[in-house]
Amino acid sequence: MEKVVASLVSIGECMLELNATDTLNFKRSFAGDTYNTAVYAKRWQSRLSVYYISAIGTDNLSNEMLAQWKGEGLNTQYVAQTPDAQLGIYAISRDDQGKRCVSYWRKESAASQLMSLLKAQNILANLPHFDYVYFTGISLGILSDSARQELLDLIESMKNKGSKIVFDPNYRAKLWKSDEEAINWLTKAYQLTDIALPGMTDHKALFKHQTHDEVAEFLQALGCKEIIVKNAQDGIYAFTQDEKFCFSVDKNSPCIDTTAAGDSFAGTYIAARIAGDDILSAVEAGADVASSVVRHVGAITH
């Protein structure tokens, strides 16, 4: 039997995805940034032990979602279930120009109550050590202020016990009351981060950074050791304390749906790094998977 190389836990929200096939009909699936990332990490490195920490209901759709997670090879023993809340939902449609439009319904979802449910069900007290921990700005954004701090306290505890922390800000303005609030919480998350996966678009919108070098300088000052700045068709820039790389992407590659482009990149990159690939090889692997994913409709390709 092959030895498991390491363990990765992804913490956050998975939702019911409704993707419009025409004016009246939608294709149903399950997706969410941290779930997507976990799936693509497991697909890239099958020996990797991938855990998912989230909260769902006990209704039929929640149980279907749980079954899908298990079908993707994810360990779900630290998922909280409650009869008092359901899944969040998002719907993808396109306007007359073909531009992607996304609507969300997630208020009071089970995932938005993640920390209280994990405590109430004694899950936090029984968590094992994880080699790598992944979370995002959405993981934080859907929570109350007190729950956000509890999540960061959990991350800090894991880091102090030797886990490597991977963070993608995945900035969504609607999850935050103000830019100042988002900056405050995302900065706190970055201060705990070993491997940062920021998008240039997020940092331009929120932190007003104009170049990948500005992003890297900002994050290095906060203590991030490995920084991968995703800059869409302008390329992917990687920074460590001693090195800087640039990976060019194919600007002519077909693109139908960008729903999980960043998530698939993140999952593949993390899995490749855990498996021992160097940074440039891991970036190339992540970019290749992302370029394949955007050629299909929906977050998870089959």
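Starting from 1, each residue takes its place in the sequence as its number.
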Spatial distance of atom CD (E284) from atom CZ (F245) [nearest 0.5 Å]: 12.5 Å

How long is the span from the OG1 atom in T193 to the NZ atom in K225, to the nearest 0.5 Å? 9.5 Å

Donor-acceptor side-chain pairing of [X] and [Y] below 3.5 angstrom:
X    : Y    : result
E156 : N160 : no
N36  : D33  : no
Y90  : N19  : no
Y40  : Q45  : no
D168 : T136 : no

Y134 and T34, any side-chain heavy atoms less than 4.5 Å apart: yes

Mind listing the closest non-hydrogen atom pair of [X] and [Y] along with its distance?
X    : Y    : answer
L140 : A189 : CD1-CB, 3.9 Å
L66  : Q81  : CD2-OE1, 3.6 Å
F30  : L61  : CZ-O, 3.7 Å
P198 : V215 : CG-CG1, 3.9 Å

Take K159 and D194, measure what salt bridge (Lys or Arg N to Asp or Glu O under 4.0 Å) needs, and give me the verdict at the end. CA-CA 9 Å; K159 183 180 179 73; D194 296 295; 2.9 Å; yes

Does the distance from a Lys or Arg side-chain N to an Asp or Glu carboxylate O, for [X] and [Y], drop under 4.0 Å?
X    : Y    : value
R106 : E13  : yes
R148 : E181 : yes
E214 : K208 : no
R273 : D278 : no

Counting neighbours of CD on E108 that are heavy atoms of other residues, nucleotides or ligands and sit closer than 6.0 Å, is the number greater than 12? no

Applying salt bridge (Lys or Arg N to Asp or Glu O under 4.0 Å), run through E17 and K27 and close with a yes or a no. CA-CA 8 Å; E17 176 188 273; K27 178 184 177 183; over 6 Å; no

Is the Y190 to F167 ring centre distance short of 6.0 Å? yes

